[in-house]
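Hydrogens, waters and symmetry mates are skipped; everything else that's a heavy atom, side chains included, is used. Chain identifiers are assigned alphabetically (A, B, ...) following the order of the sequence lines, protein sequences preceding nucleic acid strands; residue numbering begins at 1 within each chain. Model, not experiment: these values are computed from the prediction.
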Protein chains: 2
Amino acid sequence: MPRLVATDIAAELRKRISAGEWTDIGRIPPERDLAEAFGVARNTVRRAVNLLEVDGTVVRQVGRGTFLADPDPNSLASVVARMEGTSPADMMEIRQLLEPAAASFAATNASNSELNAVREAHQTACDSADMPTFEHWDAEFHHRIFACSRNDFLKEIHNLMRILRNQSPWFEMKKRSFSEERRQTYCREHQAIVDALIERNPDGAKQAMLAHLQTVQRNLLGR
Amino acid sequence: MPRLVATDIAAELRKRISAGEWTDIGRIPPERDLAEAFGVARNTVRRAVNLLEVDGTVVRQVGRGTFLADPDPNSLASVVARMEGTSPADMMEIRQLLEPAAASFAATNASNSELNAVREAHQTACDSADMPTFEHWDAEFHHRIFACSRNDFLKEIHNLMRILRNQSPWFEMKKRSFSEERRQTYCREHQAIVDALIERNPDGAKQAMLAHLQTVQRNLLGR
DNA sequence: TATGAATGGTGCAAAATTGGATCAAATAAA
DNA sequence: TTTATTTGATCCAATTTTGCACCATTCATA
């Protein structure tokens, strides 16, 4: 068993804090007590608490103690946490904003080899024999379009949406809503997108992507 | 029973790593511990770990330990970390995608009291005597438009962008680029946005916002 | 008001931990 | 036998942990 070190103690403290161990008193025990409790030197505890302090988990005051920080609603962590509660409808609305734009950028900016990668993902999805394989290459198709939009931030927003969707309970709806017929519809629509990209037609790509996402939305949300 | 050799141990370590045995602590035990655990000499463990190191499974640091490399690039944390490196140009491109849409949504969805809050922020910004106050209410103006777009996810993306901008080194550019003349330009453009919102004119609000962001982009990036 | 206990802040030198490297002897495989 | 691998041992270098002393601030209490 590896020895307890500063980073481990920081992780343990983080765990206990988020478990609400000291929420009632609003503070964590003195460093000297923690050191004794963990069976390490006080300096080690100090380094661990430093880690909690820099990321704003905790605030220290000389002579008073170490206090649990009020969660900052404007911190990255809080924003991401709130995003995790996004509804399918809100998510689809933003997808319909961003993905057509990404397709449009891609038609303008993509290299030929990037376009080939997009087409390849589309082709593999169409050829796939089972649903999990199709879904994987479907996701890859969309991802590769973002990848050649040449806007890294846009690409990362898409990654963010993908992660949020994957960990959302309502994502299961998608799987239930799947059928062979819909798969073929998606393939046709993907083909239209690929065609527009290869024609280097930004507006065509945008429209094709929008049409596809509207189909997805109908299938997913039923309207 | 065949003797445990370096390649066997490497395979076993690989198996345990991909099974997530040490994912939580982010590192594997010290070589000396592994040697003891596998009942083998430390040199053998070293050769095994060498194999994991050359293919990038693991990274070693003298005096610290052996750490799991390749943190999941599809984790929320990785995505956010990559977003922190967003360039001003990419960021502005996405703002020009999202904020006009938010303004359009707001024209349709906002309640009257929400619109009043937007107008209030605009008015306070115009009346502000010093630059920091103006900048605060300028940001608040944009934020309140997102707030009444009625899409929580869109609102949070805006929060995300705001945080990323505030912590970016290039954000200082904005402050350097400020002048009284530009402030007045921004006030006029904000006024146009407010007018369109109050007229409940989605397309007008979208266009006014786009025009404003293009001014901002010119001032920020000089084109 | 004055005092003392409790608490975080800082610095430092010694000890412990950990990966890096080498070598000769023992063992297995060809 | 020849060759390759494992073993056990030793030392080195980077890093962390430890133990200690002392300082500064806060707060309760005399």
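Residue pairs satisfying the side-chain hydrogen bond (donor to acceptor under 3.5 Å, both in side chains) criterion with at least one member in residues 34-43 of chain A, sequence neighbours excluded, are listed as follows: Glu31(A)-Arg42(A). Residues in residues 64-80 of chain A take part in no salt bridge (Lys or Arg N to Asp or Glu O under 4.0 Å) pair, two or more places apart or across chains. Sorted by first and then second residue, the salt bridge (Lys or Arg N to Asp or Glu O under 4.0 Å) pairs involving residues 89-109 of chain A (not counting sequence neighbours) are Arg95(A)-Glu99(A).
For Asn43(A) against dG9(C), a side-chain-to-base donor-acceptor contact under 3.5 Å is absent.
Under 4.0 angstrom from either OP1 or OP2 of dG8(C) there lies no side-chain N or O belonging to Arg46(A). Put simply, Arg64(B) has a side-chain N or O that comes within less than 4.0 Å of OP1 or OP2 on dT16(D). Listed pair Thr44(A) / dT18(D) meets the phosphate criterion, a side-chain N or O lying under 4.0 Å from OP1 or OP2.
Checked against side-chain contact (heavy atoms from CB on, under 4.5 Å), Asp24(B) has no partners two or more places apart in sequence or in another chain. Listed by chain and number, the residues in a ring-ring contact (aromatic ring centres under 6.0 Å, His included) with Phe146(B) are His158(B) (sequence neighbours excluded). Evaluation of the side-chain contact (heavy atoms from CB on, under 4.5 Å) rule for Asn116(B) yields Arg119(B) as partners, not counting sequence neighbours. Listed by chain and residue number, Leu13(B), Ile28(B), Pro29(B), Phe38(B), Val45(B) satisfy the side-chain contact (heavy atoms from CB on, under 4.5 Å) test with Leu34(B) (two or more places apart in sequence, or in another chain). Residues that satisfy the side-chain contact (heavy atoms from CB on, under 4.5 Å) test with Asp130(A), not counting sequence neighbours, are Pro132(A), Thr133(A). Evaluation of the side chain to side chain donor-acceptor pair (under 3.5 Å) rule for Arg32(A) yields no partner, not counting sequence neighbours.
Whole-Å rounding puts the Glu53(B) CD to dA21(C) C1' distance at 14 Å. The interatomic distance linking Glu36(B) (CD) with dA9(D) (P) rounds to 14 Å, in whole Å. If you take CZ of Arg42(B) and C1' of dG20(C), they are 7 Å apart, rounded to a whole angstrom.
DNA chain D is contacted by both Gln61(A) and Ala41(A); Ala41(A) maps to the nucleotide lying nearer its 5′ end (nearest heavy atom per residue).
At a non-hydrogen distance threshold of 4.0 Å, Gly65(A), Thr66(A) from residues 65-72 of chain A come into contact with DNA chain C. Proximity of residues 20-35 of chain A to DNA chain C (heavy atom under 4.0 angstrom from any strand atom) is restricted to Pro30(A), Glu31(A), Arg32(A).
Summary of helix geometry: the two end axes of the helix from dT1(C)-dA30(D) to dA30(C)-dT1(D), each defined by five base pairs via their C1' atoms, are inclined to each other by 30° (rounded to 10°).
Ring orientation note: the planes of His190(B) and Phe141(B) are close to parallel, at an angle under 30° on the 30°/60° scale.
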Query raised in the report: ring-ring contact (aromatic ring centres under 6.0 Å, His included) between His142(B) and His212(B): does it pass, once the steps are laid out?
Result: CA-CA 11 Å; His142(B) 287 269; His212(B) 174 50; 5.3 Å; yes
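Nearest to the side chain of Val5(A), among dT5(D), dG9(C), dT16(D), sits dT16(D).
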